[in-house]
Structures are given as C-alpha cells and as structure tokens.
Amino acid sequence: MIKKFDKKDEESGSGSNPFQHLEKSAVLQEARIFNETPINPRRCLHILTKIIYLLNQGEHFGTTEATEAFFAMTRLFQSNDQTLRRMCYLTIKEMANISEDVIIVTSSLTKDMTGKEDVYRGPAIRALCRITDTTMLQAIERYMKQAIVDKVPSVSSSALVSSLHMVKMSYDVVKRWVNEAQEAASSDNVMVQYHALGLLYHLRKNDRLAVTKMLNKFTKSGLKSPFAYCMLIRIASKLLDETEGGHDSPLFDFIESCLRNKNEMVVYEAASAIVHMPNCTARELAPAVSVLQLFCSSPKAALRYAAVRTLNKVAMKHPSAVTACNLDLENLITDSNRSIATLAITTLLKTGSESSVDRLMKQISSFVSEISDEFKVVVVQAISALCQKYPRKHSVMMNFLSNMLRDDGGFDYKRAIVDCIISIIEENPESKETGLAHLCEFIEDCEHTVLATKILHLLGKEGPRTPQPSKYIRFIFNRVVLESEAVRAAAVSALAKFGAQNDDLLPSVLVLMQRCMMDSDDEVRDRATFYMNVLQQKQKALNAAYIFNGLSVSIPGLEKSLHQYTLEPLEKPFDMKTVPLATTPISEQKTDIAPVATSKLPERLAPSRQDIYQEQLAAVPEFHGLGPLFKSSEPVQLTEAETEYVVRCIKHTFARHMVFQFDCTNTLNDQLLQKVLVQMEPSESYEVIHYIPAATLPYSQPGSSYTLVRLPDDDPTAVSCTFSCTMKYLVKDCDPNTGEPDDDGYDDEYVLEDLEVTVADHIQKVLKPNFAAAWEEVGDEFEKEETFALASVRTLDEAVGNIISFLGMQPCERSDKVPENKNSHVLFLAGVFRGGHDVLVRARLALADGVTMQVTVRSGEETVVDVILASVG
Amino acid sequence: MDSASLQPSLYTVKAVFILDNDGNRLLSKYYDPELYPSMKEQKNFERNVFNKTHKADNEIAFLEGLTIVYKGSIDLFFYVVGSAQENELMLMSVLNCLFDSLSHILRKNVERRCLLDNMDGVFLVVDEIIDGGVILESDPQQVLQKVNYRADENPLSEQSVAQVLQSAKEQIKWSILK
C-alpha cells in the first residue's frame with residue numbers, strides 16, 4: 001500500500017495522466033455498462049480506449065476476462081456513433097488472439113464491409129480479415145473480390161493489404177484474386193496502385209516470367225505512386241541480380257531513368273539499387289553518385305544520412321567514384337547528427353589522401369565517445385581498411401585504437417578493435433611490438449573470455465619471436481592467477497610456447513608450469529602436466545608436433561573415428577592417419593561489411609563440406625572398404641552453363657582410389673532421364689572399377705552418378721591423368737505439364753568436357769602455424785632440391801599464386817603475400833599427401849627477367865618428394 | 001547479405017511508438033513478430049532508443065541493427081522503426097504523416113496531456129497509417145478524412161459537470177433516506 005502511494009506521488013510530478021493508475025479489474029468492471037440501454041457512446045468509448053491502452057502497455061488479460069469483455073463489446077455494434085464503431089474494430093483486432101470465439105462478430109463486420117457507410121467499410125474489412133481463417137475466407141471470398149475493385153480507394157486499399165496478410169495463411173484462395181488485383185493496379189489512387197503492385201508481386205514472385213511481364217507493363221505505363229516506384233525498383237534489381245543480366249538490359253535502363261524522377265524517395269531508391277548491384281562499373285555508378293552528392297547538402301537530416309550511408313558503401317568498392325564528393329563530405333564532418341558525421345569521416349578515410357588521415361582522425365576522436373556502438377564498429381572497420389592502404393600510418397592508428405580499447409563498449413565493439421589490431425600486426429611486422437603491448441594492457445582488464453583467449457593465443461604465437469619475449473610472461477602469468485578457467489587454460493598453452501621457443505626462458509617457464517599443475521581446474525592442470533612433460537624432453541621435434549602445430553585432423557571426423565573404435569576395439573592401437581584431415585577454411589575473404597547490419601548474422605557452425613560428403617559416400621555400399629575420405633575437390637563444371645544437361649564433377653580422393661561424383665541436372669521439362677552414368681576413358685594406367693548410375697533424373701531435380709577408379713599401384717608417381725567423359729542414359733519423353741513419362745524410351749549419350757586429375761587432388765592443405773618448427777620436425781632425410789625457371793611469369797605475386805594453386809598446398813606464415821618492391825621472396829607450403837605423409841615445400845623465388853625458383857621439398861616418404869618435384873618440372 | 005535482405009516487400013515498418021519525456025510508453029505497435037517478441041524486450045529497446053535520442057533532435061539514428069527516424073514535440077517523442085536496408089525516406093514519410101495527422105486532431109497542441117485526452121483518436125490515426133507493417137496511407141489529409149475524428153472541446157469540464165450532478169443526486173438520495 002505504502003509503495004503504491006510513493007509511486008503515485010512520484011509520478012504526479014511529471015504531469016497527470018488519466019490512464020496512470022488504471023486497474024485492469026476496475027476497467028473490466030466498468031465495461032459492464034456496455035450492456036446498459038440506451039448505450040452511452042461517450043462513456044463506452046472512454047472504456048474501450050482504456051482497454052486498448054492497457055493492452056498496449058503490456059497488461060496481461062486472461063482468456064476468460066478477455067472473452068467476457070469481448071462479448072460485452074459486441075453489443076456496441078448497435079450504436080451508430082462513428083468513433084465508437086471504429087474503436088470496436090480496433091478492439092477486435094487487439095483481442096483477436098486473446099479472446100475466444102472472436103468469429104462471433106463475423107456477420108456484423110460483413111454487414112459493415114458491404115454497407116453504405118464508406119467510413120466503416122475499409123476498417124471493417126481489415127478487422128474481418130484479422131479474425132478469419134482459410135475456411136471462412138472462402139465464405140467471404142465474393143465480398144473480398146468486390147472490395148478489391150471497389151471505386152472507394154480506402155476500401156480497395158484495405159482489401160488489398162488484408163489479402164497480402166492472408167497470403168501467408170491461404171495462398172491458394174488469395175491466388176484466385178489476381179485478376180481483381182490487376183484491375184486495381186490501374187487505379188488512379190496512388191496508394192491503391194502501390195498495394196495492388198505489392199500483392200501482385202507476392203502472388204507471382206516464384207514465377208520469374210510473370211514477374212518480368214508485370215515489370216514490363218508497369219515500367220512502360222508509368223505509375224503515379226512514389227511508393228510503387230520504389231517497389232518496382234526493388235523488384236527490377238532483384239530480377240537483374242537473379243538473371244545476372246548485363247547492365248544493358250531494359251531493367252537497368254528503367255532503374256537509371258528513376259534517377260531523374262521528381263520524388264526524392266524514388267531517386268534515392270534508384271541510386272541505392274545501383275550502388276548495391278554487384279560488379280557495377282565506375283561509369284554506371286557515376287549518375288547515382290552525383291544524385292547522392294546533391295542529397296548531401298539537403299536540409300533534411302534523414303536524406304543526408306541516407307546519402308552518406310550509401311556513399312560509404314560505394315567507397316568500399318570504388319573509392320575513386322566517391323572522390324568527387326569529397327568536398328560535400330568535408331562539410332558533413334561537423335554535422336550535428338553524429339551518425340552522419342561518423343559516416344562522412346569514415347567515407348573520407350576511404351577516399352581521401354594519406355595527408356588528410358591525421359586531421360580526420362583528430363576530428364573523429366573529438367566525438368567518438370558520443371556515438372553508438374554500431375557506428376564505433378564502422379569507424380574501426382574504416383581504420384582497418386585504411387591501415388591496409390597506408391601501412392605507414394600504423395602508429396597513428398594504433399594509438400587511436402588503443403584509446404578506443406580503453407573506453408567503455410560492448411563485446412562487438414571490442415572484438416572489432418582487437419581484430420583490427422591483430423590484422424595490423426600481421427600486415428606490418430614493425431607494428432608488432434606496440435600492438436602486442438596494447439593487447440597485453442587490454443587483457444589486464446578484459447571481461448570477455450573469448451577476446452582474452454584469442455589474445456593469449458596470439459601472444460603465444462607471436463611473443464616468443466620478438467626480441468624481448470620475457471616481458472610478455474608477466475602478463476600471461478597474471479591471467480593464470482586471476483582469470484576464469486578458459487582463460488587460464490589458454491594462458492598455460494601460451495606459456496608453453498615461450499618455453500619451447502626460447503631456451504633461456506625454459507627454466508622459468510617450467511617453474512611457472514609447476515605452479516599451474518596445482519590449479520583447481522582439470523583442463524588447466526591437464527594442459528600444464530602435458531606441456532611440462534613435453535618441455536622437459538627438450539626435443540625440437542616433440543615441441544613442434546605437440547606445442548606449436550596442434551592436431552590437423554577434423555574434429556567431427558576424429559570424434560566419429562574414436563567412437564567407431566570404441567565400439568569395435570581392435571588389437572592394434574588407434575591410428576591417427578585414418579582420421580580425415582581438417583579442410584583448412586579457405587581464408588575468409590574480408591567481407592566488405594556494410595557500415596550497418598552487422599549484428600544480426602546468426603552464427604553458423606555446420607559440419608564441414610567434407611564431413612557431409614563423407615556421410616553421403618558412406619551410404620553407397622560399393623564404396624565400403626575404401627578407407628576414410630582424404631580430400632574432396634571443388635566442383636568442376638563439365639558443361640556450359642546454359643545447356644540441356646548441366647553436369648559438374650567433384651573428385652573424392654581416397655588412399656588408393658578416387659571416386660568421381662557427377663552432379664547432373666536435367667533442364668528439359670519434356671524429358672525424363674534414367675540410368676544416367678558417366679563413362680570415363682583414362683589416359684594413364686588408371687583403372688575404372690565401377691559405375692554407379694543415377695536411377696532417374698526428372699526435370700530440374702539434380703541427381704548424382706558415381707564412378708570408382710583405382711589409382712595405379714605400380715607407379716606411385718603417376719599422379720596426373722586426363723579422362724574423357726561421356727554421359728550415357730535412357731531418355732523417356734514426358735508431358736511437360738504433368739511430368740508423366742512415356743512407356744518406352746531410347747538410349748542416348750552426351751559428350752562432356754575432359755576431366756583432369758592433378759597433383760593438387762592428392763594433397764590436402766594443412767596449416768602449420770609454426771613452419772620452421774615443422775620443417776625441423778620432418779627433418780632432412782628425404783630432402784630434395786631443384787631449381788626451375790618460370791619464363792612466362794612476370795611478377796612474384798603471379799608466381800606465388802600459380803604455385804599454390806598448382807600444388808594445392810597451404811601457404812604458411814602468411815608467405816603468400818609478397819611485400820611490395822621486393823625482388824625475392826620465400827614461400828612456405830604445407831600439406832599432407834594421400835596416405836597421410838606430411839609434405840613441406842620451401843620455394844625461394846627471385847625475380848630477374850622471368851622468375852627463378854628454387855624448390856626444396858621435405859617429407860617423411862621419399863616417393864612423395866619425387867612426385868612433387870616431378871610434377872613441378 | 002545486403003541484397004538478400006532487400007526482398008521487395010510492402011512490409012516497410014517494423015515498429016511505431018510514442019514515448020513521453022521520461023521515456024514511458026504511451027503507445028507502441030510492433031509489426032514484425034520476430035522483432036522483440038516479448039514485452040520486456042520491447043520496453044528495453046524503447047528505453048535504449050530513448051536514451052540515445054532524447055537529448056539531441058537528430059531526426060535519424062541507427063541502433064540495434066535498425067533504422068529509427070524520430071521527432072520530438074514538447075514532451076512527446078514519436079518513433080518509426082524500419083530494417084537497416086529500408087529506404088529512410090519512406091520511414092520519414094510515415095513519421096511525417098503520423099505527426100501531421102496528430103497535430104491536426106490535437107489542434108496543434110502536440111503534448112502529452114492533450115494526446116492522452118484524445119487517445120482514441122491517436123489509436124485510430126495509427127491504425128489508418130499502418131496496417132500490420134504495410135504503409136496504408138501517407139497523406140495526412142486522407143488520414144484525417146478516414147478517421148473523421150473530432151477532439152472534444154472541453155472533455156474535462158463536461159465530465160466534471162456530470163460528476164457533480166451525480167454526486168448531488170446521491171447526496172439528495174441519502175438525505176431523503178435519512
């Protein structure tokens with residue numbers, strides 16, 4: 001009671017609110033006057049308003065009380081007060097989900113929607129459709145069709161929008177109203193036009209041909225509504241995207257013509273559509289950029305924001321296209337709307353020259369604390385891009401980033417900064433020490449476990465190789481003392497790496513390890529004990545295998561193999577080589593993250609592509625006994641894109657066999673293919689053992705046929721081979737509409753392009769984080785070296801790219817990036833050869849007239865070394 | 001990822017809300033059932049938006065992955081929320097229509113007390129502008145015509161007259177019974 005009074009006193013200070021102290025029970029009590037005759041519209045109206053207000057505040061109504069109030073409300077249909085009736089419609093919509101038996105008002109609403117009062121008709125339709133289900137919809141179908149083409153715009157709009165809501169629930173019924181919607185689309189009223197277009201598109205969006213026709217019609221006839229234009233632009237750009245049509249198509253012309261529309265909304269929509277198109281040329285962008293430039297000086301903040309946000313997006317891919325707007329953007333960096341200012345500065349950072357960087361950074365640091373986390377992330381991304389462009393500026397950036405790191409901020413923001421610092425460290429060796437120092441300072445007081453472990457891992461990797469590794473030990477050991485289990489475990493791993501790399505630190509690290517073995521957590525203790533024992537052996541090979549370069553197998557694969565082993569334990573110990581290797585994630589393209597919309601991507605953790613193939617192949621009985629899947633290649637297209645049959649091949653490599661998986665798609669809707677197989681003629685001594693045909697191949701449903709090939713045993717160096725492929729099948733003609741095939745068919749064949757197997761198919765990429773250690777570990781027992789001249793290659797970059805794609809091995813130590821203005825480079829490659837033999841390649845490249853390459857190969861197996869050298873030569 | 005979310009659709013508005021100058025909700029509608037499904041999340045979102053916007057009248061903001069256009073008037077704040085890829089000007093046209101229509105039915109007294117006194121009209125105006133996230137009307141004149149709502153001249157005094165009469169009646173009744 002006292003509490004309530006306090007609340008009342010407190011709130012009466014902020015001005016009185018007639019709804020402030022509403023009690024649900026009291027309002028429901030009051031609702032009894034709905035039953036009085038004659039109806040008092042004024043009081044009833046007030047009570048309905050209170051009910052809706054309570055619902056809007058999130059007050060919970062029980063089913064019984066809601067139903068009771070709802071039934072009382074239905075009596076109010078007897079009154080002819082306009083506002084009261086409209087409030088009844090609202091109540092019906094609000095209560096549709098909480099009250100029972102709402103369909104009781106169907107007849108009253110149907111009466112209103114077909115009645116004489118135009119004011120009631122639209123809202124009545126919308127309320128009715130809210131409480132209608134599919135079966136009842138058919139009962140009112142006739143009225144809906146009439147309403148869609150009604151000459152009163154509000155009635156027509158209401159019917160169209162309600163139909164749109166119902167598409168999700170009763171697509172089949174609404175589909176029948178296409179003709180009416182078509183008629184409504186030619187209405188004079190702008191909103192009716194827009195709603196009709198929206199409904200038509202939703203009904204037809206899966207039928208590309210119909211959408212194209214519709215677009216043609218409307219782009220020619222011209223519409224009045226700016227909203228409808230925006231919708232048309234979106235449909236057109238989606239269609240362009242799907243058909244990959246060139247930018248000379250009439251759709252692109254239409255979008256470009258909208259840049260000259262007199263409504264700003266349409267102009268902006270068109271500019272934004274052009275900017276978002278993939279592979280737009282600078283010339284195509286230019287008109288869009290120039291309208292956006294005009295918008296930059298608009299008095300409307302929303303328009304300036306929209307313009308600068310879109311320009312920012314352009315600047316990510318085509319910074320030169322935006323340079324013309326630099327002056328306008330300069331004017332925006334002092335905009336009172338900080339979002340606009342931030343976007344303007346980050347855009348300028350991308351387009352401006354190196355000399356303006358310092359000034360812009362100074363400007364932005366003056367208000368960085370005022371902007372929201374979303375935009376701080378944008379700033380960090382801009383800095384990250386800038387560091388790649390102007391590596392010499394890294395000290396300014398690093399200072400700025402470390403200041404930002406000290407400020408408050410959420411996880412996403414901090415993660416963006418840490419990622420940015422890490423990428424700077426990787427790009428610029430000279431910034432490594434300052435960067436690591438900032439990160440060390442950050443983990444001293446970091447609440448995010450993920451970031452702390454990430455940084456500790458980085459310290460373990462980079463720290464030991466700095467001139468003064470000992471100074472990092474203190475930061476790392478502090479984590480062991482102060483943090484949670486996950487961080488402590490990561491810190492122990494990092495410590496071990498220092499011990500393994502630096503002999504003079506080893507005694508101290510061992511002492512610290514001893515301390516960690518007393519930890520209260522299992523994981524930390526286990527790691528400490530393990531590392532302690534490895535380190536005490538003082539053997540380089542052990543260090544390399546167990547401390548620097550961890551397991552390279554796929555974790556789900558390991559789990560499965562171990563599970564299998566425990567089910568059927570064998571005499572011999574578990575062999576790690578039978579576990580499929582982890583496919584190194586193809587180094588993620590730095591996605592040009594839009595300045596916005598970063599937060600909502602769901603985290604995906606799907607099993608790797610190879611694990612999926614493994615599962616699929618295991619389902620085919622003929623492939624049992626091949627052993628674990630070693631490698632699956634990227635799909636190779638064996639036909640042109642637009643042919644009758646589309647075939648692509650995936651090469652699966654096993655220890656002694658290869659399986660070719662042909663994914664075939666039949667694009668003819670009047671044919672059914674059966675017993676589809678791909679016949680292969682090898683050029684070398686490869687032996688085709690088995691064909692597994694795809695039983696049937698109906699129109700546009702992909703099917704797979706497999707061919708099993710044994711690799712030549714007697715000549716292990718025969719790693720490359722060319723196959724000529726022919727697809728053979730039985731054709732049955734069928735009715736394109738029903739898909740019913742004829743009874744008899746005829747045999748036919750189709751010649752595919754040749755398929756090549758190269759050395760890359762026999763090697764799986766493996767990342768060795770510490771290449772030097774791995775190099776020592778393998779040893780020089782089977783080392784071979786040869787020198788080649790690559791006459792046709794002009795640059796080191798090109799040479800590096802060719803070698804990597806030819807051998808299919810993983811570049812280590814970021815050696816795939818050739819520093820600028822150098823004429824020699826060393827490339828480190830690591831991989832595992834079929835059968836589980838580690839292979840390491842060191843290629844020294846020198847640029848003279850052509851590129852001279854000295855290749856050194858090491859492996860645990862002599863034949864493997866020979867194979868690689870033979871294939872390079 | 002941008003092009004994927006730019007699906008052509010009429011569902012433009014994700015949410016609309018009106019807050020007072022303490023950030024309390026006076027009216028709010030969420031049209032996307034996946035966006036903040038619970039009341040707690042909605043109120044958190046509104047609180048967050050209010051904290052970031054009430055100090056400076058900046059017209060547009062970007063929070064929690066959503067574009068928000070807004071406008072303040074005396075002790076009220078009007079917000080229209082759309083997805084990150086939405087055409088900001090479309091959202092602005094909704095906001096302007098909402099504000100102009102309300103300004104008209106409140107006779108230019110766009111302030112908290114007056115708004116609360118005409119809450120029924122406010123509900124109706126919002127209902128006429130947006131239906132389930134689709135922009136139903138963006139011309140304030142059309143909205144006013146459809147709502148056809150007249151603010152009470154003096155709702156307070158009339159009500160109090162009725163109350164006075166009522167209490168007088170009661171008193172007379174009691175005195176007679178005595």
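Naming convention: chains lettered A, B, ... in sequence-line order (proteins, then strands); numbering from 1 in each chain.
Between the A:His195 side chain and the B:Val134 main chain, no donor and acceptor come within less than 3.5 Å of each other. Looking at B:Asn87, its side chain does come within 3.5 Å of a backbone N or O of A:Met265 through a donor-acceptor pair.
With sequence neighbours left out, A:Arg85 forms a salt bridge (charged side-chain N to carboxylate O under 4.0 Å, His left out) with A:Asp112. Every side chain to side chain donor-acceptor pair (under 3.5 Å) that B:Glu128 has, sequence neighbours left out, goes to A:Arg86, A:Arg126.
Here B:Glu86 pairs with A:Arg234 in a salt bridge; the nearest charged N to carboxylate O distance falls below 4.0 Å.
Residue-level contacts of residues 89-103 of chain B with chain A, in order of numbering, are B:Leu89, B:Met90, B:Met92, B:Ser93; threshold 4.5 Å between heavy atoms. The contact list for residues 135-145 of chain B toward chain A, using heavy atoms and a distance under 4.5 Å, reads B:Ile135, B:Leu136, B:Glu137, B:Ser138 by residue number.
Using a 4.5 Å cut-off on side-chain heavy atoms (C-beta onward), A:Asn56 and B:Ser28 make contact. Here the side chains of A:Met231 and B:Leu10 are in contact, with some heavy-atom distance below 4.5 Å.
Heavy atoms closer than 4.5 Å to chain B are found nowhere in A:Glu59, neither backbone nor side chain. Proximity to chain B (any heavy atom under 4.5 Å) is restricted, for A:Met191, to the side chain, taken from C-beta onward. Interface remark: A:Glu264 contributes backbone and side-chain atoms alike to the contact with chain B (heavy atom separation under 4.5 Å). Of the two parts of A:Pro153, neither the backbone nor the side chain holds a non-hydrogen atom closer than 4.5 Å to a non-hydrogen atom of chain B. Residue A:Ile52 touches chain B through both its backbone and its side chain, counting heavy-atom pairs closer than 4.5 Å. Contact annotation for B:Lys43: only side-chain heavy atoms (C-beta onward) come within less than 4.5 Å of a heavy atom of chain A. In this structure, the portion of A:Tyr201 lying under 4.5 Å from any heavy atom of chain B is its side chain and not its backbone. Contacts between A:Leu90 and chain B at a heavy-atom distance below 4.5 Å involve the side chain alone, from C-beta outward. In this structure, the portions of A:Lys300 lying under 4.5 Å from any heavy atom of chain B include both its backbone and its side chain.
Chain B forms the most heavy-atom pairs under 4.5 Å with one residue out of A:Lys205, A:Lys50, A:Gln57, and that residue is A:Gln57. Contact count versus chain B (heavy atoms, under 4.5 Å) is highest, among A:Leu164, A:Thr83, A:Leu48, A:Ile235, for A:Leu164.
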Checking A:His202 against B:Tyr11 for the side-chain hydrogen bond (donor to acceptor under 3.5 Å, both in side chains) test, could you report, in this order, the C-alpha distance in whole Å, the side-chain angles of both residues, the deciding distance, and whether it holds?
CA-CA 11 Å; A:His202 271 268; B:Tyr11 294 94; over 6 Å; no

Step by step, work out the salt bridge (Lys or Arg N to Asp or Glu O under 4.0 Å) result for B:Lys29 and A:Glu94.
CA-CA 11 Å; B:Lys29 298 288 266 174; A:Glu94 293 286 336; 2.6 Å; yes

Kindly determine whether B:Glu59 and A:Tyr305 satisfy side-chain hydrogen bond (donor to acceptor under 3.5 Å, both in side chains), including the steps that lead there.
CA-CA 10 Å; B:Glu59 200 171 291; A:Tyr305 172 88; over 6 Å; no

Residue pair A:Phe227, B:Thr12: steps toward the side chain to side chain contact (heavy atoms under 4.5 Å, CB included) verdict:
CA-CA 10 Å; A:Phe227 292 118; B:Thr12 307; over 6 Å; no

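For A:Lys168, the NZ atom counts as densely surrounded, since its 6.0 Å shell holds more than 12 non-hydrogen atoms of other residues, nucleotides or ligands. Crowding of A:Arg43 atom CZ: a count of heavy atoms from other residues, nucleotides or ligands under 6.0 Å not exceeding 12.
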